[in-house]
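A, B, ... follow the sequence lines: proteins, then strands. Residue 1 opens every chain.
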Protein chains: 2
Amino acid sequence: MAKKPVKLDDVAREAGVSKTTVSRVLNQRGYLSEETIAKVQRAMEKLNYRPNAIARQLYKQETKLVGLIFPTIDDPFFGQLEAALENELYRRGYKVLMGNSQNNPAKERSFLRQLLNRQVDGLIVGAHNQAIGEYQRTNLPIVSIEQIVSRNVPVVASDNYNGGRLATQRLLDDGCQHIIHTNYPEDIPTPNHERRLAYEELLRQHGQTPITYHISFDDPVEKKRAIIRQIFEDHPEVDGIFADNDTNAGLIINIAGEFKRLIPEDLRVVGYDGANATRILLPQLTTIQQPINQMAETAVAMLQARINGEQMASKMLPVKIIDGGTA
Amino acid sequence: MAKKPVKLDDVAREAGVSKTTVSRVLNQRGYLSEETIAKVQRAMEKLNYRPNAIARQLYKQETKLVGLIFPTIDDPFFGQLEAALENELYRRGYKVLMGNSQNNPAKERSFLRQLLNRQVDGLIVGAHNQAIGEYQRTNLPIVSIEQIVSRNVPVVASDNYNGGRLATQRLLDDGCQHIIHTNYPEDIPTPNHERRLAYEELLRQHGQTPITYHISFDDPVEKKRAIIRQIFEDHPEVDGIFADNDTNAGLIINIAGEFKRLIPEDLRVVGYDGANATRILLPQLTTIQQPINQMAETAVAMLQARINGEQMASKMLPVKIIDGGTA
DNA sequence: CTGAAAGCGCTAACAA
DNA sequence: TTGTTAGCGCTTTCAG
């Protein structure tokens, strides 16, 4: 049967020393004779000893784990972001507990509640669910990405307003007369709305009427397609679309084909995000690129500082336009 | 300053009962009077008590954590797979510790070593690094996906051989005379090679000479592009390509454009994986679809069984061809 | 129905 | 240079 795992005590007995000594060898702390070290190491090898991380965590009151709460990982933007976060956290000695909230406040809450039970040393969140009171009532170090969570949680965001400006300006420069925008429903509190605000302002300055179609990130893809088809049906005159993310831009490009629109001749499209995976599959897409890796690094650095007890201010990072052929 | 977190003892004192009683209320175990329960609950509320998960884990000797070790999460296939795994594990009460091995055996080993220290109740792996001895020497429950890890680790795989057959047959049916294949270098032990074997057999049966170009999953994208350009330079006669994954298929389609090849007229392309994200951005791609979600469910069910002490045999799941316009 | 006490495996004062 | 001992916060026999 599963024989009991070897513990520090067993090693001590095998080596003929005390637990303290073994612990010291393990952590390379304090003064020890070469001889003792060798003896203990031999015993550890012989018994194939593996220290119990949980016991250490209990004593130290830290787990070297960071929780990541995002809507999903199955998406070019979030995939790249979480990969970069994991990488950066690993460099600093942290491992990652991943929680996908999906479109499910109950899941997010339950997940969060468990992590708050001293399972993690900190949290990086970018989920879209609202009014999860738990975020406010904890003093666990938290940093959020592109998401407003609570007054005391610093945010790492890209310059959404300027991104919206760059995208809209490009379409205007291209001579588009009927520019439409897609974005989240307005009741979801995300900095994405800055993109829409920039679009609206610029359009008004040019005497055009802003029109935004709302597509939720969590909508099933068929629903997204339906909303996009609606754009072409409601507004056959549309000659430019600024999509709030590249997945939607991809859908738009494909549905434009259904409606026999040539891109960029009949319709110009600008996307948003510029994640690696999208750029591989859709290199022709003109898009606003977020500095995803840099956002990850910044968020991790800020979290580390918060874990060390420092206060941190929110930070905004610049975006840039990537020239493809669609606008 | 950070005041000490409330512990069970504090609740007990506040409620005027023993720790045992509080623990019982917490776990809803044993007989308790309504009155005591209410009293304890009031005390927990008042003190905003959060049980310490680590202490419980130490006692119970289980963490309800499962480690996921894959090359990366920033990829349509692995993104969808890990999202599905997380979802399925969460349903069963497990949380996910994510480790991206990247192209880095040292990272994989260090990660693995830490997880083996009783940090997780089990492991699901699909990383490509070889000969990590740690996998053999542990009796932690492990299941692998599309990857041969060790004799005693059951594998969940899709029917790679049949996938290779379906793809190649499609190109042959299309009348292709010069079919080329891309796949991993042969020294990486992955079931992907079954796809190549099927391709080679079928091609020989039809009197064609199989030619495989090797592209590592972990190659930087510019290197992948270079290898694909090489295909067109070495073999201008190529009229069909069977790519071993959709990302490569996407690259091929774009590079075909550089070489002025029309798809499907001049060149037919079949991809592999059929992940959601790819199908959104590249719906026109004909590809072999793996049952990603089902693979995740199967792997989790098998892991659960192994955690419960059962032995498990490897399992193979069927694939199907998705008709796009590229072949 | 409730409590006292032992112990999960490790670390670190403090003593020697 | 090493050992004794208490304790991290929780659960659970066992006794009342």
Of the listed nucleotides C/dC10, C/dC8, D/dC8, the one nearest the side chain of A/A55
C/dC10

Check this one for me: any side-chain N or O of A/R56 less than 4.0 Å away from OP1 or OP2 of C/dT11?
yes

Establish, with yes or no, whether the OP1 or OP2 oxygen of D/dT12 is under 4.0 angstrom from a side-chain nitrogen or oxygen of B/S23.
no

Partners meeting salt bridge (charged side-chain N to carboxylate O under 4.0 Å, His left out) with A/K315 (sequence neighbours left out):
none

Could you check whether A/R42 pairs with A/E45 (Lys NZ or Arg NE/NH1/NH2 to Asp/Glu carboxylate O, under 4.0 Å)?
no

Which of residues 7-14 of chain B have a heavy atom under 4.0 Å from DNA chain D?
B/K7, B/L8

Check the phosphate of C/dT11 against A/Q61, side-chain N and O only, distance under 4.0 Å to OP1 or OP2. Yes or no?
no

Atom pair distance, as rounded to whole Å: NZ in B/K64 and P in D/dT11:
15 Å

In whole Å, I'd like the distance from the CD atom of A/E62 to the C1' atom of C/dT11.
13 Å

Distances for protein N or O near nucleotides 3-6 of chain D N or O, under 3.5 Å:
from, atom 1, to, atom 2, distance (Å)
D/dG3, OP2, A/S18, N, 3.0
D/dG3, OP2, A/S18, OG, 3.2
D/dG3, OP2, A/T21, OG1, 2.5
D/dG3, O6, A/R24, NH2, 2.7
D/dT4, O4, A/T20, OG1, 2.7

State, yes or no, whether a side-chain contact exists between B/V156 and B/M302 at a heavy-atom distance under 4.5 Å.
yes

Decide yes or no for A/D121 and A/L65: does some side-chain heavy atom of the first lie under 4.5 Å from some side-chain heavy atom of the second?
no

Phosphate contact (C/dT11 OP1 or OP2) by A/N27 side-chain N/O below 4.0 Å
yes

It should be established whether A/Q57 places a side-chain nitrogen or oxygen under 4.0 Å from OP1 or OP2 of nucleotide D/dG9.
no

Classify B/L58 by what it touches in the nucleic acid, base, sugar-phosphate, or nothing, heavy-atom distance under 4.0 Å.
base

Between CG of A/N52 and C1' of C/dG9 the distance, given in whole Å, is 6 Å

Side-chain ion pair, A/E86 and B/K107, N-O less than 4.0 Å:
yes

I'd like to know whether the aromatic ring centres of A/F77 and A/F217 sit less than 6.0 Å apart in this structure.
no

Measure CD/B/Q28 against P/D/dT11 and give the value in whole Å, please.
12 Å

Salt-bridge test for B/R56 and B/E62: reply yes if a basic N is under 4.0 Å from a carboxylate O, no otherwise.
no

Tell me: CD of A/Q119 to P of D/dG9, nearest whole Å?
16 Å

Between CD1 of B/I54 and C1' of D/dT11 the distance, given in whole Å, is 15 Å

Would you check if there is a donor-acceptor pair between the side chains of A/N293 and A/Q80 at a distance under 3.5 Å?
yes

Atom pair distance, as rounded to whole Å: NZ in B/K60 and P in D/dT11:
7 Å

Find the distance B/R50:CZ to D/dC8:P and express it as a whole number of Å.
21 Å

Do other residues, nucleotides or ligands put more than 12 heavy atoms under 6.0 Å from the CD atom of B/E35?
no

Geometric cation-pi criterion B/K7 and B/Y49, 6.0 Å radius, 45° cone:
no

